[in-house]
Each structure stands twice: as C-alpha cells, then as structure tokens.
Number of protein chains: 2
Amino acid sequence: MSDLLERLRGRGWRLTSQRRVVAEVLDGEHVHLTADEVHARAAGRLPEISRATVYNTLGELVALGEVLEVATDGRAKRYDPNAHRAHQHLVCSGCGAIRDVHPHGDPLAALPAAERFGFAVATAEVTYRGLCPDCRP
Amino acid sequence: MSDLLERLRGRGWRLTSQRRVVAEVLDGEHVHLTADEVHARAAGRLPEISRATVYNTLGELVALGEVLEVATDGRAKRYDPNAHRAHQHLVCSGCGAIRDVHPHGDPLAALPAAERFGFAVATAEVTYRGLCPDCRP
DNA sequence: GTGTTGACTTAGACAGAGTCCAAGTTAGGA
DNA sequence: TCCTAACTTGGACTCTGTCTAAGTCAACAC
Ligand SMILES: [Mn+2]
Ligand SMILES: [Mn+2]
Ligand SMILES: [Zn+2]
Ligand SMILES: [Zn+2]
C-alpha cells in the first residue's frame, strides 16, 4: 500500500494532500472502515477534507483494485485495503465485528456448470456468520 | 407459504387484510422483490396499504424465518419467500438479475477450525457474481 | 520562478432506502 | 355488540451516498 501513491502517479493522477491522507488512513490496517469512519480519521489530519472527496477517492481506489468494497447488510459499505490476498469474511451476528478468513479450496468449484444458467461466473463471495467469543452466551 | 397465515394466527397474530395481501404477493413466486416492489404489487390489490406496514410485515416474516432478506450491495434489500430450502444466489454484475443456485457440499466445511477465531459459526452465505447471457459481450 | 489550465476539491442540495411516531382504525375476545 | 390492545397510516426523519457549480491547485511549459 505504501507504493500505492507511486502507482497512482504512474497512472497520471495528481497527488493531492486529500488523496494522500485517505491512502494513509487505509494503509497497513487490516480493518474494514466505513466511508464516514475514513472521513473522520482523515479529517483528524486534514480538517477540511470533504465527504465528497473521501467518497470519490474510495471509489477510485476500488476501481483500481487497490481497495475492496464489502457490502454488509443494510448498513454502510466497508472499505478493505487487503485487496491483494483473496479472502472471505467472518461477521459476528451480535456486534457486527468483521474478520478476514481464508477457507480451503476455491468456492467457485462448488457451483456445477448446470447451476450456472449461462452466466460467465467470475467470483464467489462467502460471508460466514456466527457469534464472536464476546457475544457468545 | 399458503399455510403461513395459519401459522401466524397460531402465534397470536391478528390477520389483517394488509398482512394477507403481503403474504399473497410473496406466495409461490420464486422471485426476489424489493420492499417497494412488494408495496407496489400489494397496492394493486389493496390501494391504500402503506409503506410502513409493508416494511413492518416483511420484518416480521423475516423474524419468523418465513422469508429471507437478501442484501445486494448498495441497492435495496430483496425479500425471498424461498426460505425452506437452503440455497445461494447468482447475481449478474451487469443488470442485477438474481437466480437461486444450489452448490455442492456445505460451504461451512471449507472453513477450518483454526480460521474460526472462537466464533460459533452458524451459516455461510455465498454470492456468485458474473455476467448473465443477456449481459455477456 | 511564474503562468496556465484542466483536474481536483468543496459545500450543500438532492435522492433512495428504511425507521419512527402520534393519531386513527380495527380484529377478535368478552 | 362493545372494548381495547394491536395494528395501520402519513409524514417527518435518519442514514448513506450522489451530484453540481464554483473555487482551488498540482504539474507541466517556459
Ligand atoms: Mn477483509
Ligand atoms: Mn433465493
Ligand atoms: Zn460479537
Ligand atoms: Zn445481466
């Protein structure tokens, strides 16, 4: 992620302080922040950064494949900087905590051709749900 | 689904015309309607049914396990009356069309204990994504 | 260094999905 | 038939995200 800014420059992007700060907020942390959380942390370093710019930058990073968008039911999307190693998510049904997990095998392999209905199936996302240690009875 | 109204009555629910119409709209169809689509179809039979009641009734049916909520990223949730046979979903990345699919094996089995981090993992939802025949280049 | 310019940022209006509330209505038991 | 708690209603409200017009500035040319 630290060379992300170089990669972006290589694509002809302007390196603005806003983009730099958003990249720094996502850098290194294996977290799954909402756009508003990214905005709050970015504003800690660059107080007047706008929500629109955070949304724009996140959208650009997603389009480049540098960040993944994780849709969690009903609530705000989460942005995942761990885009370079395929993984799935384990979500606590109690508190909403999210962890990266690495299941065995390729989930796509479980879908037989007869169940593909002519689709060109490209990806399989798996969401495991259950109660985390803190939320267990 | 046709005896759903009986099951609801058994739980002490009042059988109102609104609830009856929402149940009829979902009945039998293996579709994945949004709340607003359910409202539109229900209003065809009972013109003054309100959005709030449709949301309330759908939420109650979900809580009872009679209907599944399918979160599709960014868009409105879809309500799935096919709650009595486990299945997964295949979604077109182009037009958003949804189909029920039945992969081989239990997707939970692919997650080793060491990857469960103390969670009591209960379910695995799989979303397959790709282009449907109409959207393929 | 200075100037130029189109890419970028901003505030705020807007939109879609869903929730909440106070007031009115009604299903179903007494 | 009456009564009342449960249900429904319309509209206000919240949350998430998009859009736009006007202002700003990074990067390049000189
Ligand atoms: Mn992740
Ligand atoms: Mn389904
Ligand atoms: Zn938890
Ligand atoms: Zn399609």
Side-chain angles (χ1 to χ4, degrees), chain A residues 4-25 32-43 45-64 67-80 96 98, chain B residues 4-25 32-43 45-64 67-80 96 98:
Chain A
L4 169 60
L5 294 175
E6 282 312 312
R7 268 176 276 161
L8 296 180
R9 197 202 311 264
R11 295 184 187 239
W13 283 29
R14 288 197 189 167
L15 288 195
T16 65
S17 53
Q18 291 86 352
R19 284 172 171 173
R20 216 181 304 265
V21 165
V22 170
E24 282 171 16
V25 165
H32 303 84
L33 299 171
T34 64
D36 270 353
E37 286 165 352
V38 171
H39 179 243
R41 297 191 185 196
R45 303 174 181 220
L46 187 67
E48 288 312 308
I49 189 171
S50 71
R51 275 186 354 117
T53 293
V54 170
Y55 275 105
N56 288 342
T57 304
L58 289 173
E60 290 155 356
L61 292 172
V62 169
L64 285 177
V67 165
L68 298 175
E69 226 173 40
V70 181
T72 64
D73 44 84
R75 312 228 168 166
K77 288 177 193 163
R78 297 188 169 270
Y79 292 89
D80 186 345
I98 302 185
Chain B
L4 168 61
L5 294 174
E6 282 311 312
R7 269 177 274 161
L8 296 179
R9 197 202 309 265
R11 294 184 188 239
W13 282 30
R14 289 197 187 166
L15 289 193
T16 65
S17 52
Q18 292 85 352
R19 285 171 170 174
R20 215 181 303 266
V21 164
V22 170
E24 283 171 14
V25 165
H32 303 85
L33 299 172
T34 64
D36 270 353
E37 287 165 352
V38 172
H39 179 242
R41 296 190 185 196
R45 303 174 181 216
L46 188 66
E48 288 313 307
I49 190 172
S50 71
R51 278 189 349 121
T53 293
V54 170
Y55 274 104
N56 288 342
T57 304
L58 289 173
E60 291 156 354
L61 292 172
V62 169
L64 284 177
V67 165
L68 299 176
E69 226 173 40
V70 181
T72 63
D73 43 84
R75 313 218 170 166
K77 286 178 195 163
R78 297 189 168 269
Y79 292 87
D80 186 343
I98 301 184

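In this text, all values refer to a predicted model and were calculated from it rather than measured experimentally. Note on naming: letters A, B, ... go to the chains in the order of the sequence lines (proteins, then strands), and numbering restarts at 1 for each one. Quick note: numbers below take in every heavy atom, side chains included, and nothing from hydrogens, waters or symmetry partners.
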Chemist: Can you name the atoms? Protein N/O to nucleotides 17-20 of chain C N/O, anything below 3.5 Å, with the distance.
Modeler:
from, atom 1, to, atom 2, distance (Å)
C/dG18, OP1, B/Lys77, N, 3.0
C/dG18, OP2, B/Tyr55, OH, 3.0
C/dG18, N7, B/Arg51, NH2, 3.0
C/dT19, O4, B/Arg51, NH2, 3.4

Chemist: Under 4.0 Å between a side-chain N/O of B/Ser50 and OP1 or OP2 of D/dT8, yes or no?
Modeler: no
Chemist: Tell me, please, which residues at least two apart from B/His39 pass ring-ring contact (aromatic ring centres under 6.0 Å, His included).
Modeler: none
Chemist: Please identify each residue that fulfils side chain to side chain donor-acceptor pair (under 3.5 Å) with B/Arg20, with sequence neighbours left out.
Modeler: none
Chemist: Grab the N/O contacts between the protein and nucleotides 2-4 of chain C below 3.5 Å, and write none if there aren't any.
Modeler:
none

Chemist: Starting at CZ of B/Arg11 and ending at P of D/dA6, how long is that distance when rounded to a whole Å?
Modeler: 17 Å
Chemist: In this structure, how many angstroms lie between the P atom of D/dC7 and the CG atom of B/Leu46, rounded?
Modeler: 17 Å
Chemist: Test of understanding: with side chain to side chain donor-acceptor pair (under 3.5 Å), list the residues that count as partners of A/Arg45, not counting sequence neighbours.
Modeler: A/Glu24
Chemist: Determine all donor-acceptor pairs shorter than 3.5 Å in which one atom belongs to a side chain in residues 55-64 of chain A; sequence neighbours excluded.
Modeler:
from, atom 1, to, atom 2, distance (Å)
A/Asn56, ND2, A/Ala52, O, 3.3
A/Thr57, OG1, A/Thr53, O, 2.8
A/Glu60, OE1, A/Arg19, NH2, 3.4
A/Glu60, OE2, A/Arg19, NH2, 3.4

Chemist: Which heavy atom of B/Leu5 sits nearest to which heavy atom of B/Ala23, and what is that distance?
Modeler: CD2-CB, 4.2 Å
Chemist: Please enumerate all residues that pass salt bridge (Lys or Arg N to Asp or Glu O under 4.0 Å) together with B/Arg51, with sequence neighbours excluded.
Modeler: B/Asp36
Chemist: Heavy atoms only: give me the nearest A/Ala35-A/Val54 pair and the separation to one decimal.
Modeler: O-CG1, 3.8 Å
Chemist: Starting at the 5' end of nucleotides 22-29 of chain D, put B wherever the base has a protein heavy atom under 4.0 Å, S where only the sugar-phosphate does, and a dash everywhere else.
Modeler: ---BBS--
Chemist: Rounded to the nearest Å, what distance is computed from the CG atom of residue B/Leu8 to the P atom of nucleotide C/dG28?
Modeler: 12 Å
Chemist: Using whole Å, report how far NE2 of A/His39 lies from P of D/dG17.
Modeler: 14 Å
Chemist: Decide yes or no for B/Tyr79 and B/Val67: does some side-chain heavy atom of the first lie under 4.5 Å from some side-chain heavy atom of the second?
Modeler: yes
Chemist: Apply side chain to side chain donor-acceptor pair (under 3.5 Å) to A/Arg14 and list each qualifying residue two or more places apart in sequence or on a separate chain.
Modeler: none
Chemist: Determine whether A/Lys77 and A/Thr34 make a side-chain contact, defined as any pair of heavy atoms from C-beta on separated by less than 4.5 Å.
Modeler: no
Chemist: A/Ile98: which residues meet the side chain to side chain contact (heavy atoms under 4.5 Å, CB included) condition with it, sequence neighbours left out?
Modeler: A/His32, A/Thr72, A/Arg78, A/His89, A/Val91
Chemist: Nearest whole Å is fine: how far is C/dT25 P from B/Glu48 CD?
Modeler: 14 Å
Chemist: When the C1' atoms of the five terminal pairs at each end define the local axes, what inter-axis angle does the helix from C/dG1-D/dC30 to C/dA30-D/dT1 show, to 10 degrees?
Modeler: 20°
